[in-house]
Amino acid sequence: MDNKAVYWQRIRNYFTVFDGPLSILIFLIVATGIVTMYSAGMDFPGRLEHHMRNIVIAFFVMWFVANIPPQTLMRFAIPLYTLGVALLIAVAMFGMIKKGARRWLNVGVVVQPSEILKIAVPLMLAWYFQKREGSLRWRDFLIATIILGVPTALIAKQPDLGTTLLVGTIGFSVIFFAGLSWRLLIGLILAAAILIPTVVWPRLHDYQRDRVMVMLDPSKDALGKGFHIIQSTIAVGSGGVTGKGWTKGTQSHLEFIPEHTTDFISAVYLEEFGFFGSLFLVALYFLLILRGLMIAANAPTLFSRLMAGAVTTAFFIYSFVNMGMVIGILPVVGVPLPFMSFGGTAMVTLGMGLGILMSVQHNRKLMKS
């Protein structure tokens with residue numbers, strides 16, 4: 001084989017990391033997101049272009065991570081987790097305050113360090129359990145809980161309820177997939193049932209408690225805190241079976257739907273494409289999650305299995321919580337819809353998660369061959 005053939009073979013290898021079913025599903029979701037963003041961002045000049053830029057950046061991040069073998073990803077666990085926690089401490093000390101929350105850090109560019117922990121926490125936990133595979137004891141799960149609890153507490157202090165729930169749930173999924181016994185799980189559920197009303201609820205900020213109460217009855221403050229949910233459910237309901245048609249959604253274009261290019265973009269989609277459109281979108285996310293679970297189930301190592309499971313859990317939590325708050329069955333917590341909502345940091349983080357799934361699947365094939 002001549003040098004030119006060897007060169008092209010190496011180049012080709014970098015592009016064989018893409019998983020076919022996963023790539024098709026993401027393409028369809030991203031395309032749906034672009035169509036929806038065109039309509040939702042009509043009153044925001046440049047919003048669609050910036051959204052496309054974020055997609056391109058996320059694609060290259062996904063491709064880069066997909067070319068990193070899982071055993072190499074393990075080496076980044078401790079450094080990335082340490083960096084993430086250090087940045088959270090820096091935010092607590094001298095972070096930027098916006099809308100009453102201290103979540104951002106100016107390091108030349110404004111960053112939100114809590115986004116790093118969505119990857120760093122499951123990566124660290126998967127590394128920890130991989131090192132103890134075959135000899136897990138109850139104290140290992142206790143240490144894992146501490147690893148999860150430190151960044152979760154720092155994020156909750158900012159305060160950022162949405163990211164706290166995401167990091168906490170994704171991290172807990174790793175602990176569960178690692179072999180947490182059902183007896184311990186039931187004990188944790190009972191403990192949570194006791195602690196949430198007696199300890200957690202009194203410690204929530206007033207606006208966080210208001211979000212829960214407004215979810216139960218938005219009409220109590222229809223022109224204030226309940227406005228988001230009421231207008232969102234009106235938009236979803238007015239879409240009917242077939243929707244009002246692309247770019248013809250009145251709730252969004254008349255500015256009734258708040259944050260309609262970010263957290264509430266699914267309300268724009270559901271108003272314009274209706275019930276049939278919702279079935280299509282839910283089916284895409286369902287198949288995405290199903291494919292992620294299949295990759296996790298067939299992963300060759302414990303680390304790969306835990307990381308793939310954590311990423312898949314993240315996609316489920318993102319999509320379920322976003323759609324749930326839009327139709328009023330969950331409180332508004334500021335969770336974007338994967339690959340559809342506007343937002344650079346979240347898009348890059350999700351792209352990194354996709355890259356991990358593709359890396360796990362690609363290297364499983366290499367190990368089998």
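All heavy atoms count here, side chains included; hydrogens, waters and symmetry mates do not. One-based numbering along the sequence shown.
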Taking the six-membered ring where the residue is Trp, are the ring centres of [X] and [Y] under 6.0 Å apart?
{"X": "Phe129", "Y": "Phe141", "result": "yes"}
{"X": "His260", "Y": "Phe44", "result": "yes"}
{"X": "Trp127", "Y": "Tyr81", "result": "no"}

Can you sort out the partners of [X] under ring pair (Phe, Tyr, Trp, His ring centres under 6.0 Å), two or more places apart, ordered by chain and number?
{"X": "Phe256", "answer": "none"}
{"X": "Phe276", "answer": "none"}
{"X": "Phe176", "answer": "Trp182"}
{"X": "Tyr285", "answer": "none"}

Side chain to side chain, [X] and [Y], heavy atoms closer than 4.5 Å:
{"X": "Ile356", "Y": "Leu73", "result": "yes"}
{"X": "Met358", "Y": "Met62", "result": "yes"}
{"X": "Ile119", "Y": "Thr349", "result": "yes"}

Of all the heavy-atom pairs spanning [X] and [Y], show the shortest one and how long it is.
{"X": "Pro122", "Y": "Val174", "answer": "CB-CG2, 3.8 Å"}
{"X": "Ala314", "Y": "Ile170", "answer": "CB-CD1, 3.5 Å"}
{"X": "Ala235", "Y": "Ala267", "answer": "CB-O, 4.3 Å"}
{"X": "Val61", "Y": "Gly351", "answer": "CG1-C, 4.5 Å"}
{"X": "Ser266", "Y": "Leu337", "answer": "CB-CD2, 3.8 Å"}
{"X": "Val65", "Y": "Gly355", "answer": "CG1-C, 3.7 Å"}

Hey, any chance [X] and [Y] share a hydrophobic cluster, counting ILVMFWY side chains that come within less than 4.5 Å of each other, even indirectly?
{"X": "Ile78", "Y": "Ile68", "answer": "yes"}
{"X": "Met42", "Y": "Trp246", "answer": "no"}
{"X": "Phe64", "Y": "Leu350", "answer": "yes"}

Grouping ILVMFWY residues whenever side-chain heavy atoms fall under 4.5 Å, the cluster of Trp138 otherwise contains Leu142

- prompt: Does the side chain of Glu272 pick up a donor-acceptor pair with the side chain of Ser39 at under 3.5 Å?
  reply: yes

Margin query: Between Thr301 and Ser304, do the side chains contain a donor N or O and an acceptor N or O under 3.5 Å apart?
Written below: yes

With side chain to side chain contact (heavy atoms under 4.5 Å, CB included) as the criterion, how do Leu161 and Leu165 come out once you've worked through the C-alpha distance, each side chain's angles and the decisive distance to 0.1 Å? CA-CA 6 Å; Leu161 181 60; Leu165 292 174; 4.2 Å; yes

Rounded to the nearest 0.5 Å, what's the gap from [atom1] on [X] to [atom2] on [Y]? Could you check?
{"X": "Ile229", "Y": "Ile327", "atom1": "CD1", "atom2": "CD1", "result": "11.0 Å"}
{"X": "Asn363", "Y": "Thr72", "atom1": "CG", "atom2": "OG1", "result": "8.5 Å"}
{"X": "Thr164", "Y": "Asp160", "atom1": "OG1", "atom2": "CG", "result": "5.5 Å"}

*cation_pi(Arg305, Phe177) dist<6.0 Å, angle<=45*: no

Charged N to carboxylate O below 4.0 Å: is that the case for Lys244 and Glu271?
yes

Contacts of Glu133 meeting side chain to side chain donor-acceptor pair (under 3.5 Å) (sequence neighbours excluded), chain-then-number -> Gln130

Exercise for review: Go through the steps for Ser319 and Val282 under the test side chain to side chain contact (heavy atoms under 4.5 Å, CB included), then give the verdict.
Suggested key: CA-CA 9 Å; Ser319 53; Val282 169; over 6 Å; no

Exercise for review: Report the C-alpha separation of Gln361 and Leu22 in whole Å, then their side-chain angles, then the decisive distance to 0.1 Å, and conclude whether the side chain to side chain contact (heavy atoms under 4.5 Å, CB included) test is met.
Suggested key: CA-CA 10 Å; Gln361 176 66 5; Leu22 208 55; over 6 Å; no

Apply side chain to side chain contact (heavy atoms under 4.5 Å, CB included) to residues Thr145 and Phe172 and explain how you reach the verdict. CA-CA 8 Å; Thr145 303; Phe172 182 77; over 6 Å; no

